[in-house]
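Report on one structure; see the data block that follows.
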Amino acid sequence: MPVYPLRLLGCAAVLSATLGLTACGSNSEDTSDPSATAGTSGAQVEIGNTINYGSFGTTADIDCADGKSLNVGGSNNTLTVKGTCANVNIGGADNKISFERVDTELSVVGLNNTVTYRDGDPKVNDTGNNNSVTKG
């Protein structure tokens, strides 16, 4: 068996373990505990005030609320991000992501990503290839 499917299985096992632990539930009011959701729209894990989203070929809505940070990984995703994101990091390839607002920093690595933000004045770092980052 090639190494790639083994890595994919390993990632799936980690995600399943994470989801299994969070699905057990607790009565804690602490919002800094990690939470995870998965389904046809990809996997989203929130740790503290940071949302981590990873998927391949999905269309999804993400909510940064009022100042969460966002990390996006994967390829061929179409994402609509609502609310105000503080810091954003985008990796992968061929993602199309639109933001309502990005305040502090917007970093894009990878290739062929199309990123649009409607409002805010973030510091933009495009260290990948053939990415498009526009305000509008």
Does L70 form a side chain to side chain contact (heavy atoms under 4.5 Å, CB included) with F99? I'd like the steps, not just the answer. CA-CA 11 Å; L70 175 64; F99 292 88; 3.8 Å; yes
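More than 12 heavy-atom neighbours from other residues, nucleotides or ligands sit within 6.0 angstrom of CG on D61.
A single hydrophobic cluster is not seen to contain both L111 and V72; linkage of ILVMFWY side chains at heavy-atom distances under 4.5 Å, directly or through other members, places them apart. In this structure, V124 is a member of the same hydrophobic cluster as I97, with clusters built from ILVMFWY side-chain heavy atoms closer than 4.5 Å.
Across every non-hydrogen atom of K68 and D63, the tightest pair is CD-O, 4.4 Å. Shortest non-hydrogen contact noted between G67 and A86 is O-CB, 3.4 Å. Across all non-hydrogen atoms, the minimal contact from G42 to S55 is CA-OG, 3.2 Å.
The backbone N or O of L79 sits nowhere less than 3.5 Å from a side-chain atom of N77 that would complete a donor-acceptor pair. Listed for the N87 side chain is no donor-acceptor partner under 3.5 Å among the backbone atoms of N89. N130 places no side-chain N or O within 3.5 Å of a backbone atom of N112 that could act as its donor or acceptor partner. N52 places no side-chain N or O within 3.5 Å of a backbone atom of Q44 that could act as its donor or acceptor partner.
Counted by atom type alone, N125 and E105 present one or more donor-acceptor pairs between their side chains at under 3.5 Å. No side-chain donor-acceptor contact under 3.5 Å links D94 and S75.
Legend: residues meeting salt bridge (charged side-chain N to carboxylate O under 4.0 Å, His left out) with D119, ordered by chain and number and at least two apart, are R101.
I51 contributes atom CD1, which lies 6.5 Å from atom SG of C85 (distance to the nearest 0.5 angstrom). We find the NZ-OG1 distance between K82 and T80 to be 6.0 Å, quoted to the nearest 0.5 Å.
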